[in-house]
Peer 1: 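Let me give you the structure first, and then I'll get to my questions.
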Amino acid sequence: MDRIMNHRLFLSIVILALSGSTFAQTQNLAGRTYYNANIMSGKMNDVISKAIPEAKAEKIAEIEKEKGRKLTDAEKAEVEKELQEAQTKANSVIKGIKTEATIEFKTEKDAVMKFDMQVDEEVLKQNGIGWAKRKALKAVIALAPTTEKATYMVKGNLVILDPNDEPDTLRLSDDGKYLYGKFDEKTNYKLTRTK
């Protein structure tokens with residue numbers, strides 16, 4: 001019986017020691033870098049895919065109201081075809097816009113966030129985006145800050161950037177390889193540790 005108790009006690013100590021070391025690992029992020037080559041690509045495709053059924057229903061309702069009758073199957077197929085073409089075009093445009101994101105933890109309380117947005121004008125041009133809109137988009141991107149300093153604090157696996165100003169909470173994976181965040185309630189992103 002004493003042997004079983006000793007094994008349980010030993011196992012409990014090992015578990016506490018391991019969980020303590022994981023917790024200690026997440027306390028100091030100094031020297032770590034997390035990166036994503038295109039932070040929005042997957043999410044934008046998801047947003048477009050989810051918007052298509054709603055857009056289809058709205059378009060059909062609009063046309064039916066105009067015509068004063070229900071659409072035929074052939075007319076519904078035409079609406080479907082138009083929406084598929086619009087989705088293909090939107091997905092292509094998204095591929096022409098790339099947003100790199102990096103968070104470097106410089107010290108145990110200071111971090112630097114870097115964002116690099118690039119626009120492939122040729123892709124936008126091929127998809128019918130006019131010269132003025134392409135130039136306006138490039139001008140807006142040029143005005144956006146690319147590097148921003150922040151303070152941070154760690155609570156367990158939560159990393160809180162700018163805790164005293166406008167807090168932004170990220171979640172660190174248990175193994176410390178990934179950093180997860182949210183742009184809004186529906187849009188998540190993931191950064192991978194590179195250093």
Side-chain angles (χ1 to χ4, degrees), residues 10-54 87-120 123-124 127 137-138 140-195:
F10 176 74
L11 190 57
S12 296
I13 290 170
V14 169
I15 289 170
L16 283 173
L18 289 175
S19 64
S21 66
T22 302
F23 184 74
Q25 276 183 339
T26 62
Q27 289 301 305
N28 187 356
L29 302 178
R32 292 187 185 189
T33 299
Y34 290 84
Y35 173 78
N36 186 315
N38 197 354
I39 203 164
M40 291 298 292
S41 65
K43 290 302 165 188
M44 292 306 289
N45 290 332
D46 289 348
V47 167
I48 290 169
S49 295
K50 289 176 183 174
I52 293 295
E54 186 177 314
Q87 181 177 4
T88 300
K89 183 176 179 179
N91 287 337
S92 182
V93 168
I94 287 168
K95 289 177 185 169
I97 301 172
K98 180 180 170 185
T99 306
E100 286 184 16
T102 306
I103 298 178
E104 296 177 3
F105 294 97
K106 297 294 191 181
T107 68
E108 58 188 43
K109 64 176 182 158
D110 296 309
V112 174
M113 298 179 293
K114 297 177 184 176
F115 297 95
D116 181 21
M117 185 177 268
Q118 300 164 0
V119 176
D120 185 337
V123 170
L124 299 181
N127 285 283
L137 180 60
K138 285 192 89 166
V140 167
I141 289 170
L143 293 174
T146 57
T147 301
E148 189 177 328
K149 292 181 179 180
T151 58
Y152 74 95
M153 61 186 286
V154 179
K155 286 187 176 182
N157 71 337
L158 299 180
V159 179
I160 305 165
L161 295 167
D162 288 329
N164 300 320
D165 188 20
E166 294 180 34
D168 186 11
T169 303
L170 306 173
R171 186 177 53 80
L172 191 62
S173 64
D174 290 338
D175 59 7
K177 290 182 181 179
Y178 304 103
L179 202 54
Y180 301 93
K182 288 185 173 200
F183 285 113
D184 56 43
E185 288 301 313
K186 296 180 180 178
T187 311
N188 301 315
Y189 62 87
K190 177 175 87 170
L191 303 171
T192 303
R193 183 175 178 184
T194 59
K195 182 176 159 189

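From a predicted model like this one, the values you see are computed outputs, not experimental measurements.
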Peer 1: With sequence neighbours excluded, tell me which residues meet salt bridge (charged side-chain N to carboxylate O under 4.0 Å, His left out) with K109.
Peer 2: none
Peer 1: Which pair of non-hydrogen atoms, one from P167 and one from I160, has the smallest distance, and what is that distance?
Peer 2: CB-CG2, 4.0 Å
Peer 1: With sequence neighbours left out, write down each residue that passes side-chain contact (heavy atoms from CB on, under 4.5 Å) with M113, or none if nothing qualifies.
Peer 2: I103, F115, E148, A150, L161
Peer 1: Report yes if the side chains of V154 and L172 come closer than 4.5 Å at any heavy-atom pair, otherwise no.
Peer 2: no
Peer 1: Is the closest side-chain heavy-atom distance between K114 and V112 below 4.5 Å?
Peer 2: yes
Peer 1: Could you measure the distance from the OG1 atom of T99 to the CE atom of M117? Nearest 0.5 Å is fine.
Peer 2: 3.0 Å
Peer 1: If you round to the nearest 0.5 Å, how far is CD of E100 from CD of Q118?
Peer 2: 5.5 Å
Peer 1: Looking at residues at least two apart in the chain, or sitting in another chain, which of them share a salt bridge (charged side-chain N to carboxylate O under 4.0 Å, His left out) with K190?
Peer 2: none
Peer 1: Considering residues at least two apart in sequence or located in another chain, which fulfil the side-chain contact (heavy atoms from CB on, under 4.5 Å) criterion with T151?
Peer 2: D110, D162, P163
Peer 1: With T194, which residues qualify under side-chain contact (heavy atoms from CB on, under 4.5 Å), at least two apart?
Peer 2: T33, Y35
Peer 1: By side-chain contact (heavy atoms from CB on, under 4.5 Å), which residues pair with K177, not counting sequence neighbours?
Peer 2: S173, D175
Peer 1: For the residue pair Y152 and L170, establish whether any side-chain heavy-atom pair is separated by less than 4.5 Å.
Peer 2: no
Peer 1: Looking only at heavy atoms, which two atoms of N38 and K98 are closest? And how far apart?
Peer 2: OD1-CA, 3.6 Å
Peer 1: How far does NZ of K195 sit from CD of E104, to the nearest 0.5 angstrom?
Peer 2: 6.5 Å
Peer 1: So how far is it from R32 CZ to L191 CG, rounded to the nearest 0.5 Å?
Peer 2: 13.5 Å
Peer 1: Just how far is it from atom OG1 of T102 to atom OH of Y34, taken to the nearest 0.5 Å?
Peer 2: 13.0 Å
